[in-house]
Amino acid sequence: MIHNLPPGLIMVLGALLLPFLGQRLSAWGALILSSLSLAAFWTTPELHVVTLNLFGQDLNIVRIDRWSWIFGLVFHLAAIIASIYALHVKDTKQHVAGMVYAGSAIAACCAGDLITLFVCWELTAVSSVFLIWANGTETAYRSGMRYLIIQVTSGVLLLSGAIIHYHQTGSLVFENFLGLEPGQRGSVGDLEFGPLLILIAFGIKGAFPLLHNWLQDSYPNGTATGTVFLSAFTTKLAIYSLARGFAGLEELIWIGCAMTLFPIVFAVIENDLRRVLAYSLNNQLGFMVVGIGIGTELALNGTAAHAFCHIIYKSLLFMSMGAVLHRVGTTKATELGGLHKSMPLTTVFCMIGGGAIAGFPLLSGFVSKSMIISAAGYEHMFAVWIILLIASAGVMEHSGIKIPFFAFFAHDSGKRVKEAPWNMLTAMAIASFCCIAIGVYYQPLYDMLPFETHYEPYTAAHVIMQLQLLLFAALAFVFLMKANLYPAEIRSTNLDTDWVYRRFLPRLIAHVGKLIQLIDSLFRFACLSMIKRFLNWLSKSCSARGWLGSTWSTSSMAFWAAALLGAFLILYYL
Amino acid sequence: MKTKDDKSTGGDPNSDASWLERNVNVVIAGLVIACIGSLIAQLWWSPLFDAEHGHPPEFAIEELFGFEAMFGFAAFVGVVFLGTGLRLIIKRDEDYYDS
């Protein structure tokens, strides 16, 4: 019975009961809900499909195959870890939002049709915004509104695309829109209009270049615990959807390459370390998008594996910065430093997360990212391979070094705060354990991947080459610091594409509004002047001396009467 | 600066230097040794860079001694310099959007 309901529904419906538990117990309720949901999901049979006939249309509200399984599992793990991390939070609405958000994301990745996907897609958007608004600041409110508008727009595009796709094909089944098998490739030119709209919808949620800035705008404005939830679901749901619907789409390779590159440059000069992590997240999504674009079994396995590992180590990094935010009140690099003395455990956990994302051997990122880079190599895509290597060095810069260094080491800020609360430490310890366990014993992860794989990450050559890349990147950091060439952390705002809708468009609209106002006032003035002149003329004309008001002579009146009768006579005979 | 919950004691940064702060040069020396070690390892295990051992080089450049080392160093420096240049263009006051 339970398996006939969409996975995650336990969390969505259960969340509605959380307010009855009170402020303190609702956090524990959220943890129990996510654990129960995982237990139900774990016992779901493989290749499970549930069809619901609605208004004469068959909807696959549940479709669990290997793609859904790996994403559903890691979403559950992320929800449990984030729930433990948020156990101290006495704000029920955050727990409700977190559970609805996580549950709908899980249901989305187990949806077999586009309508069920759309419903869950919008539910993730609407629920997650409360994790930003819960921060309670004006900045967070405005940021949340922008986030909501963009996410809902993505949903509207998805629905529009689904309707058009249904009109064209008569099918709502969510599958590869180009009908490609692994190893085959197609291009955007082969897409119909409906799938093209769906691609844009996925691209918005997946933070494609130029569509990405909602991510860096909103995530740093979430609560310390809310951002941990946010980092796990929205963008990875987009990755899952892209892999399901557009695997083998060649343009994704280059879109992914751009995504791996530009965020690392922005991350270098960003002062807010949670925003650095948002750029870092964007960069990691790029690796996955490249894998989807390459579309071979190895590349798609790499995408799924990397998403799995990424969700855990990115949660870990956001948790460590959340702990800093919780204790210090800020994550701005200019105000941090030296925290390893008072937050040693958080420091260690952050460094494990940094090592995992950088791809150090024996940590999770190494066994997943290398699959995607190898897939590019096996396909002889030299430019892509080089770009991914540059991006790997960039990851080392922003997440492997910058985050731990400026938060916990660097110049001592003199702050001696308490270590993070026990529940935060527990959640970070679990995530750290997962990072190490996957890095050391990766076979269970590989066994879960969408396609069977015999990939061996720990060849001597691969380990040595990766170590060379990362160690010499670290050496470059030392060199730049010693030579005073590393850019100092500065309190500033760095412009990104959100400048367009936060500054340019409002100002443009204001200027256009002023122009319209000016034209309107000139037009009104001209019209009023004309009317005034006409009335003056009329007034004068009708006055005793005016040509209408004055007395006419009898002869001219007789003349005009004769002229009128003559004209009438002529018209009559015509 | 005081913390959110006023938990910062604002101690003297120099009075309680940690082992890491007192031994920065040791850490750097360790990193340099690890870098050299990774290069030596490539020389030592160079026969493993062939098809028989599971890692056939996909591109000729991979066979270049220390390629990844040089690439990692250069890419890191390049990214940082690009960021420094970008700052000149996109940096604004912290309250830019609030003003």
Side-chain angles (χ1 to χ4, degrees), chain A residues 139 264-269 326-330 335 338 340-341 377-378 380 382 385 389-390 393-394 396-397 409 411-418 456 459-462 464-480 485-487 490-496 502-503, chain B residues 1-5 7-14 16-18 20-21 28 31-32 34-35 37-39 41-42 45 48-49 53-55 57-59 61-62 66-84 86-87 89-98:
Chain A
T139 307
I264 57 179
V265 183
F266 279 82
V268 171
I269 50 173
H326 179 70
R327 286 303 191 206
V328 185
T330 181
E335 293 165 38
H340 71 282
K341 296 173 190 172
Y378 293 163
H380 304 289
F382 182 70
W385 183 77
L389 283 189
I390 295 171
M396 181 64 184
E397 193 283 322
F409 302 100
H411 54 276
D412 191 345
S413 62
K415 293 182 169 66
R416 299 293 180 266
V417 295
K418 283 183 187 173
E456 175 52 64
T459 61
H462 186 203
I464 291 166
M465 288 164 70
Q466 181 72 359
L467 279 176
Q468 279 186 5
L469 184 84
L470 298 178
L471 290 172
F472 275 83
L475 194 65
F477 175 73
V478 173
F479 163 72
L480 291 170
L485 291 172
Y486 194 89
I490 298 173
R491 295 175 66 108
S492 61
T493 294
N494 295 319
L495 303 185
D496 201 336
R502 294 179 70 183
R503 183 51 70 98
Chain B
M1 179 194 161
K2 292 292 178 188
T3 67
K4 187 180 180 184
D5 299 320
K7 289 164 188 159
S8 169
T9 57
D12 178 5
N14 300 317
D16 58 346
S18 67
L20 277 172
E21 287 169 322
I28 293 173
L31 176 64
V32 172
C35 287
S38 71
L39 289 173
Q42 186 179 356
W45 275 292
L48 293 180
F49 285 74
H53 294 84
H55 190 90
E58 282 82 33
F59 307 109
I61 201 168
E62 278 187 272
F67 163 71
E68 300 263 351
M70 289 184 287
F71 194 88
F73 192 95
F76 192 101
V77 172
V79 166
V80 170
F81 283 174
L82 265 177
T84 310
L86 185 67
R87 177 178 266 177
I89 304 167
I90 64 168
K91 178 180 163 293
R92 297 289 184 276
D93 289 339
E94 196 172 28
D95 60 349
Y96 175 74
Y97 286 118
D98 301 323

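So you know, we letter chains A, B, ... as the sequences are listed, proteins then strands, and number each from 1.
Of all the heavy atoms in Lys341(A) and Ser18(B), the pair that sits closest is CE-N, 3.8 Å. In this structure, Arg87(B) and Pro487(A) approach most closely via the heavy-atom pair NH1-CB, 3.7 Å. Among all heavy-atom pairs drawn from Ala393(A) and Gly72(B), the shortest one is CB-O, 4.1 Å. Between Leu475(A) and Phe73(B), the closest heavy-atom pair is C-CE1, 4.0 Å.
For the pair Lys91(B)/Ile269(A), no side-chain contact is recorded, criterion being any heavy-atom separation below 4.5 Å from C-beta on. Contact check for Asp93(B) versus Thr493(A): no side-chain heavy atoms found under the 4.5 Å cut-off. You'll find the side chain of Val268(A) reaches within 4.5 Å of the side chain of Val79(B), heavy atoms only. For the pair Ile90(B)/Asp496(A), no side-chain contact is recorded, criterion being any heavy-atom separation below 4.5 Å from C-beta on.
Atoms CD1 and CG, from Ile89(B) and Asn494(A) in turn, are 11.5 Å apart once rounded to the nearest 0.5 Å.
Legend: residues meeting side-chain contact (heavy atoms from CB on, under 4.5 Å) with Arg503(A), ordered by chain and number and at least two apart, are Trp499(A), Arg507(A), Tyr96(B), Tyr97(B), Ser99(B). For the salt bridge (charged side-chain N to carboxylate O under 4.0 Å, His left out) test, residues two or more places apart in sequence or in another chain that qualify with Arg502(A) are Asp217(A), Asp498(A).
Residue contact with chain B, scored on non-hydrogen atoms closer than 4.5 Å, is absent for Leu470(A). Contacts between Val265(A) and chain B at a heavy-atom distance below 4.5 Å involve backbone atoms as well as side-chain atoms. Proximity to chain A (any heavy atom under 4.5 Å) is restricted, for Ile28(B), to the side chain, taken from C-beta onward. For His411(A), no part lies near chain B; criterion is any non-hydrogen pair under 4.5 Å. Heavy-atom distances place both the backbone and the side chain of Leu39(B) under 4.5 Å from chain A.
Of the listed residues (Phe479(A), Tyr486(A), Phe477(A)), the one with the most heavy-atom contacts under 4.5 Å to chain B is Phe477(A). Among Thr139(A), Leu467(A), Leu480(A), the residue making the largest number of heavy-atom pairs under 4.5 Å with chain B is Leu480(A). Contact tally against chain A (heavy-atom pairs below 4.5 Å) for Gly78(B), Gly83(B), Ala69(B): the top residue is Ala69(B).
The aromatic rings of Trp385(A) and Phe67(B) sit parallel, their planes meeting at an angle under 30°, below the 60° perpendicular limit.
Remark: the backbone N or O of Ser38(B) is paired with a side-chain donor or acceptor of Gln468(A) at under 3.5 angstrom.
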